[in-house]
Enquirer: 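This structure is in structure tokens; I'll ask about it shortly.
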Amino acid sequence: MTLPDRCFESEVIIAGAGPVGLTLAHELGSRDVDCVVVEPRRHADLASPRCKQINPKSMEAYRKLGVARAIRDNAGLPFGWSDAAVFCTSLTGHTIERFDGVFALSDVQRDDLAEPALWCAQNRLEETLRNTVTGRPTVSTWWGWSLVGVEQDETGVTAVVAGADGEQRRVRGAYLVGADGSHSQVRRAAGIRLAGRSHEVRNVQVIFTAPGLSEAHPQGRAVQYWVLNAEVNGLMGMLDTEGTWWAIIIDAPADLDERSARDAIRTMIGESHPIQLRSMDPWQARMLVADRYRHGRCFLAGDAAHQNPPWGGFGANTGIGDAVDLGWKIAAALHGWAGPGLLDSYEHERRPIALRAIAEAEHNMQVLTGELARPELADDGETGAGARLRSAEAIRETKTAELYTLGFVLGSGYPDSPLVGSANPAPLDPALLNPSTYRPSGAPGARLPHRWLNRQRSLYDVLGPGFTLLEIAAAPASEWAQAAAKRHIPFDRYRLNRPDWHSHFGGRYVLVRPDRHVAWRGDETPLDVGAVLDKACGAAP
Ligand SMILES: Cc1cc2nc3c(=O)[nH]c(=O)nc-3n(C[C@H](O)[C@H](O)[C@H](O)COP(=O)(O)OP(=O)(O)OC[C@H]3O[C@@H](n4cnc5c(N)ncnc54)[C@H](O)[C@@H]3O)c2cc1C
């Protein structure tokens with residue numbers, strides 16, 4: 001590659017400002033790491049916002065980054081607008097089944113969550129993350145630039161980026177993260193392969209405006225309307241309160257044009273209603289994961305590293321989890337307190353989560369509207385009523401795991417990580433594998449169980465930016481702070497005078513990582529506190 005003369009410097013180069021690259025920029029910026037974000041799109045004006053469900057774990061990360069409220073305020077549908085999913089014969093037809101409290105979208109405060117989920121179109125999420133990241137002094141954003149080449153050596157990585165007018169620049173950094181989506185340039189440059197398969201069915205997401213439609217149907221508010229119709233197979237919902245809608249036509253004909261898309265939407269609505277198409281976005285479900293997440297100084301995150309079918313809403317959320325995990329580890333490496341194994345633990349911890357997301361989403365894909373639709377469901381007489389009752393039973397059996405996902409979202413942790421250990425390991429609990437039922441666990445590797453300290457203050461709010469030792473009605477353990485200072489590990493202690501919470505965490509001392517996962521727990525201070533910290537930072541032999 002012929003390199004342009006001019007060279008910019010930063011600690012980290014992030015290719016791609018989708019939800020994942022932007023979250024990583026926030027994570028690094030919050031830890032005073034210099035980074036430059038390179039993104040070809042000048043604005044977050046996606047023609048077709050794919051992601052809509054931001055799960056509680058992602059929202060908790062945004063709370064810690066101080067942007068959760070801004071994201072909520074910029075969502076097209078007001079916070080708490082609906083937490084329902086409806087199955088119907090058409091938007092104006094018969095209701096078959098209704099689920100409330102789906103995806104943990106309810107705005108009623110619950111003890112196990114610092115933040116509920118949010119229904120927010122991807123472009124609005126990106127818009128807020130863009131607007132707020134510019135307030136972080138160590139983050140530079142290069143809108144209108146694409147990464148076109150990468151070279152690395154022992155001391156750093158050089159990226160060549162190109163502007164829309166063909167101008168090229170060189171950027172030198174210690175690390176490069178490819179958050180540049182499914183066609184990742186970084187992945188190709190690093191020679192990393194995706195393994196897995198694609199689903200042959202072709203789907204199309206259509207964005208349209210339909211003023212007045214939300215008042216013209218009897219199904220009530222819902223974030224998803226699944227349409228069980230013998231002619232058209234799909235689901236739909238609102239993006240904002242101004243009449244913008246999305247619809248996914250599943251198994252769409254190869255020749256679907258604007259006219260047939262309009263007809264399909266009319267069938268899904270069940271009667272004529274004025275609509276205006278804004279975009280048509282074809283997509284196929286993919287079950288793919290990168291064989292490696294790291295090549296030297298280059299890392300992959302988000303869709304660049306893994307892709308899953310959208311059923312359950314795990315794609316962007318899994319990538320946001322990658323950014324949270326990788327962010328503190330890169331910061332530790334740059335600030336000099338990472339052990340030699342810390343950066344490698346990124347793949348070790350995150351790849352199994354991507355594999356599980358793929359498995360959950362593929363399972364959800366086995367039964368969609370096409371498998372549930374029957375012509376008699378639309379019948380107005382007794383035959384139809386009976387068919388709808390039987391269908392509701394089948395829907396409950398097959399779609400519950402997709403609509404109630406906290407068991408997977410909050411229950412997934414890193415029990416097999418080389419970074420975690422315990423004096424009180426967790427017994428293997430098969431219920432923890434249930435995708436719908438979340439059972440809080442303070443076991444090493446798990447997400448720290450959440451508690452409210454008062455109505456506004458979350459336990460997560462008192463955690464420091466580095467490691468935090470929770471002392472749960474136990475003697476102060478000052479030796480931790482000394483051992484951490486010796487290793488330059490950012491460290492805080494927080495005393496919880498709550499003996500009644502001991503069983504909740506499963507130890508009197510809980511060492512919490514910067515990403516709110518448990519590194520270690522025990523009832524006594526270990527003899528060698530330094531060894532526990534070394535392990536948590538990837539410095540154990
Ligand atoms: C129909 C549908 C519905 C979905 N719903 C959900 C949902 O509800 N919840 C959920 O979590 N997920 C959902 N997903 C998945 C979600 O959209 C993706 O997982 C998510 O967009 C991945 O984010 P990302 O930042 O990794 O990649 P992307 O969003 O693809 O962003 C990559 C960025 O990199 C930029 N880029 C590309 N090439 C370069 C380059 N050479 N240099 C620099 N930058 C580059 C791109 O312009 C882009 O901005 C859905 C997907 C589909 C298809």
Side-chain angles (χ1 to χ4, degrees), residues 13-25 36-55 57-59 102-103 105 117-123 125-126 129-130 141-150 159-164 171 176-189 199 202-207 223-224 234-237 239 246-250 281-286 288 290 300-323 354 357-358 361 365 402 405 409:
I13 306 157
I14 302 172
V20 177
L22 287 166
T23 304
L24 181 63
V36 55
V37 184
V38 181
E39 163 62 51
R41 289 181 296 128
R42 288 188 185 278
H43 308 282
D45 56 345
L46 287 191
S48 175
R50 288 182 164 186
C51 167
K52 297 150 205 96
Q53 188 243 122
I54 310 176
N55 74 29
K57 200 166 179 199
S58 300
M59 288 304 294
V102 300
F103 303 121
L105 281 163
L118 183 71
W119 202 258
C120 170
Q122 186 165 336
N123 57 322
L125 169 68
E126 290 179 12
L129 292 175
R130 279 183 180 227
T141 48
W142 291 11
W143 311 133
W145 292 84
S146 304
L147 179 136
V148 293
V150 183
V160 180
V161 302
V171 197
L176 165 70
V177 181
D180 48 349
S182 54
H183 301 292
S184 173
Q185 180 79 23
V186 176
R187 190 181 65 231
R188 267 180 278 156
H199 201 217
R202 183 178 177 274
N203 313 291
V204 177
Q205 174 165 281
V206 183
I207 305 296
V223 293
Q224 292 179 335
L235 61 166
M236 61 199 296
L239 285 174
W246 59 275
I248 291 176
I249 302 170
I250 302 169
D281 171 22
W283 58 272
Q284 273 173 283
R286 305 205 189 280
L288 297 171
L300 300 179
D303 273 20
H306 46 77
Q307 292 150 44
N308 57 258
W311 313 110
F314 305 130
N317 287 303
T318 304
I320 291 165
D322 296 344
I358 290 170
M365 189 166 65
E402 176 171 342
T405 55
V409 169

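What you see is a predicted model, and the numbers here were worked out from it, not measured in a lab. Order of appearance sets the numbers: ligands from 1, and atoms from 1 within every ligand. Heavy atoms only: backbone and side chains are in, while hydrogens, waters and symmetry mates are out.
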Enquirer: Nearest protein heavy atom to atom 43 (C) of ligand 1, by residue and atom, and its distance?
Expert: V38 O, 3.3 Å
Enquirer: Give a yes/no on ligand 1: does G319 have at least one heavy atom closer than 4.0 angstrom to it?
Expert: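 Heavy atoms of G319 never come under 4.0 Å of ligand 1.
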Enquirer: May I ask you to identify the nearest protein heavy atom to atom 16 (C) of ligand 1, giving residue, atom name and distance to one decimal place in Å?
Expert: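 Its nearest protein heavy-atom neighbour is A316 N, 3.8 Å.
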Enquirer: How does A304 reach ligand 1, if at all, at less than 4.0 Å between non-hydrogen atoms: by side chain, backbone, both, or neither?
Expert: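 For A304, there is no contact with ligand 1 at all, from either part.
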Enquirer: Can you list the atoms of ligand 1 that are under 4.0 Å from a heavy atom of F314?
Expert: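 Per the distance check, 11 (O).
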Enquirer: Within a distance under 4.0 Å of any heavy atom of I248, pick out the atoms of ligand 1 and give their elements.
Expert: 1 (C)
Enquirer: Examine the proximity of ligand 1 to C51 and report which part, side chain or backbone, both or neither, has a heavy atom under 4.0 Å away.
Expert: both
Enquirer: For ligand 1, which atoms have a heavy atom of G302 less than 4.0 angstrom away?
Expert: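 So the atoms of ligand 1 that pass are 26 (O).
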Enquirer: Nearest protein heavy-atom contact for atom 17 (O) of ligand 1: which residue, which atom, what distance?
Expert: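 Of every protein heavy atom, Q122 OE1, 3.1 Å lies nearest to atom 17 (O) of ligand 1.
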Enquirer: What protein heavy atom sits nearest atom 27 (O) of ligand 1, and how far off is it?
Expert: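 That would be G181 CA, 3.7 Å.
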Enquirer: Give the residue and atom name of whichever protein heavy atom lies nearest to atom 5 (N) of ligand 1, and the separation in Å to one decimal.
Expert: R50 O, 3.2 Å
Enquirer: What residue and atom, counting heavy atoms only, is the protein's closest point to atom 26 (O) of ligand 1, and at what distance?
Expert: D303 N, 2.9 Å
Enquirer: Quick test: of every protein heavy atom, which one is nearest to atom 42 (N) of ligand 1, and how far off is it to 0.1 Å?
Expert: L147 N, 2.9 Å
Enquirer: Please answer whether the main-chain N or O of Q53 pairs with a side-chain N or O of N317 as donor and acceptor at a distance below 3.5 Å.
Expert: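 Present.
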Enquirer: As an exercise, identify every atom of ligand 1 less than 4.0 angstrom from a heavy atom of A179.
Expert: 32 (C), 33 (C), 34 (O)
Enquirer: Under 3.5 Å between any N/O of N317 and any N/O of ligand 1: does that happen in this structure?
Expert: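 N/O-N/O distance under 3.5 Å: yes.
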Enquirer: Is A15 in polar range of ligand 1, meaning some N or O pair under 3.5 Å apart?
Expert: no
Enquirer: Among protein heavy atoms, which lies nearest atom 24 (P) of ligand 1, and at what distance?
Expert: V20 CG2, 3.7 Å
Enquirer: Go through the side-chain N and O atoms of S182 and Q307 and say whether any donor and acceptor fall under 3.5 Å apart.
Expert: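 Not at all, the side chains of S182 and Q307 share no donor-acceptor pair under 3.5 Å.
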Enquirer: Can you tell me how far the CH2 atom of W142 sits from the CZ atom of R42, to the nearest 0.5 Å?
Expert: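 Going from CH2 on W142 over to CZ on R42, the span is 13.0 Å.
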Enquirer: Give the atoms of ligand 1, by number and element, whose distance to some non-hydrogen atom of G16 is under 4.0 Å.
Expert: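 Contacts of ligand 1 toward G16, numbered from 1: 33 (C), 34 (O), 35 (C), 43 (C), 44 (N).
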